[in-house]
Amino acid sequence: MGSGKSKVEDLDTAKEKKTEKEQGVYFKQRVVVTKEKRDQRYRESMTESEPVVKETEYGKPLTYDKNFKGPIKDRSCTDIICCLLFLIFIVGLVVVAFFAFKYGDPRLLVYPVNSNNEICGYGNQLGKPYLLFFDLVACGRMGMGVFVTGCPTPQICVASCPTENNVIIAAASTKSDLKYCKDGFDADSSSKSIANMLKDEDCATYWFKSQPLINRCVPSFLIDVLEKGKNLATEISNSNANATDASGNAYDSAVIEGGLSVYGTFLKAKEYGEKIIEDVVTAWWMILIGLILAMVFALIWIIIMRWIAGFMVWFTILAFISLFGFSTGWTLYQYYQLKDTDQSFHIQFSVIQMTMSKPKLFLAFGIISGIILLIAVLILLFLCSRIRIAVSLIKEGSRAVGTMMFTLICPIFPFFLQIVVIGFWLTVAVFLASTGRNQSFEFNNSSNYKYPNGTYDYDKIKGATSQFFGQACDNTSLSASEFCSFLKNQEENFVLYSQIFNLFMMFWLVNFVVALGQMTLAGAFASYYWAFEKPKDIPAFPILSSLWRCFRYHLGSLAFGALIIAIVQMIRLLLEYVDAKLKGKENPVAKFFVKCLKCCFWCLEKFLKFLNKNAYILIAAHGKNFCTSAKNAFMLIMRNIVRVVVIDKVTDFLLLISKLVVVAFAAASSYFFFDGRIEFLASFTPSLNFYVVPIVLVTLGSYVIASCFFSVYEMAVDTLFLCFLEDLERNDGSAEKPYFMSKDLRKILGKKNVISPSDKKEF
């Protein structure tokens with residue numbers, strides 16, 4: 001009995017253990033099922049927190065790729081055809097440059113040339129460095145165009161400028177009085193009479209006591225007027241300056257004053273230019289120190305942006321709302337106080353007087369302020385989370401720049417490359433402009449620009465000159481087209497086409513350099529974002545690696561994007577040219593269409609630059625060609641269009657504030673220093689003609705420096721933002737597909753990585 005009872009107890013114990021074991025298994029299964037359901041609900045909740053976009057609307061959302069761990073290293077060359085086309089155009093530019101350097105002579109643009117197309121002081125004119133105009137008054141009466149078009153009067157090279165005033169009167173002069181004649185013309189041995197010599201402009205009819213200025217003989221009294229502040233009419237009268245034209249008609253003092261006053265503007269500008277250059281030479285090292293201080297301040301500002309970005313954004317938003325809230329309340333209160341009165345504002349501009357009712361004015365301002373306040377409050381309520389995302393990304397951009405400090409010097413190289421490109425373009429353009437500059441003075445005797453008595457028709461000359469400055473040459477008549485050729489120094493068509501090609505290549509190369517800098521930075525910042533543990537997982541030398549990938553694989557893509565922008569810029573330039581030609585024309589319809597086209601192409605250029613930048617980011621990360629990357633970037637942006645707008649505007653605002661802070665710091669510091677208001681530095685303050693010159697240079701230089709530094713910051717934010725959008729679509733926070741975004745961003749979005757792949761624990 002005892003043994004039977006014992007067996008029964010053992011059997012019951014075994015059943016209990018089996019039951020407990022089954023229950024344990026059941027509970028474990030239940031726990032697993034519960035956890036799976038919980039994870040499933042969590043993933044569903046995360047999915048529900050994001051707007052669901054139809055696959056057919058803006059493309060298929062990105063899917064998880066287990067092989068993608070940052071910028072792809074194994075990639076192939078992209079847009080090879082465009083790369084070859086780019087190289088062909090580079091060869092064409094080299095050919096144009098060779099032609100320009102071989103046949104051009106920039107001295108023709110700087111140094112004076114006589115009527116025989118010889119440079120004064122060179123070749124056959126050696127020892128004669130100065131240019132003398134036979135009829136300087138006639139030149140001045142052409143207007144400001146004389147400095148570009150030249151003067152339609154004989155010009156000769158002389159060893160020295162005249163030292164006295166003189167007028168040749170045919171009836172009272174001898175041939176020995178003719179001191180200034182054309183090269184190869186001997187007045188003493190000529191059979192012509194003095195009257196015919198003067199009429200045919202073989203010799204000068206008058207000359208003034210002159211001084212050399214930029215190798216041109218300029219009347220001394222005119223220089224005295226500018227340097228000593230004297231009156232031109234008084235100086236002409238005191239100097240007994242007389243002049244006649246080729247036909248012997250005397251110029252009165254008013255004509256001489258009007259003809260020579262045009263040179264006064266040029267000489268005054270020269271005087272100011274010399275003083276400005278003197279100030280720059282005196283204070284150059286102080287200007288350099290100011291720019292270095294601006295650079296250091298910009299660097300410090302970028303570093304501290306991670307802590308003050310949020311404060312700046314929220315403070316500005318709250319200040320904006322408070323300002324318009326106060327404005328709305330105050331203006332409506334004023335309206336309530338004055339609504340039963342007849343008070344009004346009186347505003348007078350010269351002869352225009354305006355009267356406005358105070359109550360109505362306050363009511364209008366109150367309504368406008370209230371509408372703006374309402375819009376701002378609604379934006380704040382509906383976009384609050386997206387503004388927080390923007391601030392967090394800006395902070396992350398500051399961390400990325402701080403982690404990879406060498407990114408701050410990256411814009412320096414593209415900046416200098418752009419200077420080199422622009423300098424090369426300008427040099428080639430100058431050499432091209434000097435090719436074929438064989439001035440022809442055959443038109444001097446053309447009856448189209450002279451009266452029957454042989455005097456010049458200055459109205460026609462001024463009209464032709466004004467056409468050179470922006471209006472079209474009238475090609476309907478032979479004489480006008482000939483004078484256009486004279487104004488352009490007979491520049492041949494192939495030179496014009498070369499100038500156009502040179503200009504197009506300048507646009508293409510400048511945009512190519514910009515694209516190279518953007519893609520290099522994008523590759524570096526993409527490496528930062530896709531590093532799971534920052535900065536531990538960031539690859540070594542991210543900037544150099546990204547630059548190598550650009551040169552090795554993506555020159556064609558860079559050239560493709562730059563080509564599109566260059567074409568649009570050339571079209572815009574053409575529209576500006578057409579618009580300039582239409583000035584003064586009575587064709588409002590054509591003007592309207594040109595204005596519309598200018599606006600449309602301006603918007604197109606802005607959009608393409610935005611799209612190109614985002615395409616370069618995806619090219620740097622995934623290594624695909626330009627068109628595919630541009631399409632993917634556009635679809636990704638459209639799937640997150642609200643976030644894109646908020647990020648773009650918040651970033652633009654912060655960068656604007658940051659640039660203004662840096663520029664204001666540099667401008668204020670330079671002002672107090674050069675104005676001598678810093679006492680302990682007063683001994684270093686230089687004596688300048690215009691102390692505003694170094695201040696302006698420091699201010700402009702600091703703006704350029706700030707733009708370079710903050711362009712890195714902007715590229716960091718844009719790259720991290722696109723990577724962030726990809727991260728949201730590719731990953732879900734699970735152990736297999738963890739998020740790469742920062743904890744701050746995950747917290748804002750209500751997301752988290754459930755299990756860390758490294759330590760298998762929640763974080």
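- Taking both residues in full, the closest heavy atoms of S498 and V96 are given as CB-CG1, 4.0 Å, listed atom of the first, atom of the second, then distance.
- In this structure, a donor-acceptor pair under 3.5 Å is present between the side chains of D183 and Q125.
- Listed by chain and residue number, F86 satisfy the ring-ring contact (aromatic ring centres under 6.0 Å, His included) test with F512 (two or more places apart in sequence, or in another chain).
- Minimum heavy-atom separation, S115 to P154: OG-CA, 3.5 Å.
- The structure places NZ of K175 at 8.0 Å from OG of S193, a figure rounded to the nearest 0.5 Å.
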Dump the intermediate steps for side chain to side chain contact (heavy atoms under 4.5 Å, CB included) on V280 and V693, then the final yes or no.
-> CA-CA 7 Å; V280 173; V693 170; 3.9 Å; yes
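- Here K179 pairs with E164 under the side-chain hydrogen bond (donor to acceptor under 3.5 Å, both in side chains) rule; sequence neighbours left out.
- Taking CG of D177 as the reference point, atom SG of C203 lies at 11.0 Å (rounded to 0.5 Å).
- Looking at L563 and F504, their side chains come closer than 4.5 Å, going by heavy atoms from C-beta outward.
- We find the CD1-CG distance between I695 and L700 to be 12.0 Å, quoted to the nearest 0.5 Å.
- The number of heavy atoms from other shown groups lying within 6.0 Å of CZ (F99) is above 12.
- Here the CE-CD1 distance, from M505 to I90, works out to 4.0 Å after rounding to the nearest 0.5 Å.
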Side chain to side chain contact (heavy atoms under 4.5 Å, CB included) between Y703 and T699, worked out = CA-CA 6 Å; Y703 178 79; T699 302; 6.0 Å; no
Test log, rule side chain to side chain contact (heavy atoms under 4.5 Å, CB included), inputs F134 and T205 | CA-CA 7 Å; F134 276 20; T205 58; over 6 Å; no
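- By the neighbour-count criterion of 12 heavy atoms within 6.0 Å, atom CZ of F185 is densely surrounded, having more than that number from other residues, nucleotides or ligands.
- Counting only heavy atoms from C-beta outward, the side chains of I567 and I571 approach each other to under 4.5 Å.
- Note that CG of L131 and CD1 of I119 are 12.0 Å apart. Values are rounded to the nearest 0.5 Å.
- Counting heavy atoms from C-beta outward, Y180 and P162 have side chains that approach closer than 4.5 Å.
- Across all their heavy atoms, L178 and M197 have their closest contact at CD1-SD, 3.5 Å.
- The disulfide bond (SG atoms under 2.5 Å apart) test applied to C161 returns C217, not counting sequence neighbours.
- Around atom CZ of F674, more than 12 heavy atoms belonging to other residues, nucleotides or ligands sit under 6.0 Å away.
- Atoms CG and CG, from L575 and D579 in turn, are 8.5 Å apart once rounded to the nearest 0.5 Å.
- For W602, the side-chain contact (heavy atoms from CB on, under 4.5 Å) partners are R572, K606, not counting sequence neighbours.
- Looking at heavy atoms from C-beta onward, L87 lies out of side-chain contact with V91 at the 4.5 angstrom threshold.
- Annotation: side chain of D202 is not in contact with side chain of C181 (no heavy-atom distance under 4.5 Å).
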After noting the C-alpha distance and the side-chain angles of F89 and L93, does the key distance pass the side chain to side chain contact (heavy atoms under 4.5 Å, CB included) rule?
-> CA-CA 6 Å; F89 272 68; L93 181 61; over 6 Å; no
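- In terms of heavy atoms, F501 sits closest to G92 at CE2-C, 3.6 Å.
- Taking every heavy atom of both residues into account, K182 and D200 meet most closely at NZ-O, 4.2 Å.
- By the 4.5 Å heavy-atom criterion applied to side chains, F601 and V568 are counted as neighbours.
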Kindly list each side-chain donor-acceptor pair under 3.5 angstrom involving residues 418-431, sequence neighbours excluded, with atom names and distances?
from: T427; atom 1: OG1; to: G423; atom 2: O; distance (Å): 2.8

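- Evaluated for a side chain to side chain contact (heavy atoms under 4.5 Å, CB included) with K128, the options C120, S160, C157 yield exactly one hit, C157.
- Considering all non-hydrogen atoms of both residues, L291 and V698 come closest at CD2-O, 3.8 Å.
- Remark: D186 engages S189 in a side-chain hydrogen bond (donor to acceptor under 3.5 Å, both in side chains) (not counting sequence neighbours).
- Using a distance-only test at 3.5 Å, with no hydrogens or angles considered, no donor-acceptor pair links the side chain of N166 to the main chain of W207.
- By the 4.5 Å heavy-atom criterion applied to side chains, L503 and L573 are counted as neighbours.
- The backbone N or O of N116 sits less than 3.5 Å from a side-chain atom of N114, completing a donor-acceptor pair.
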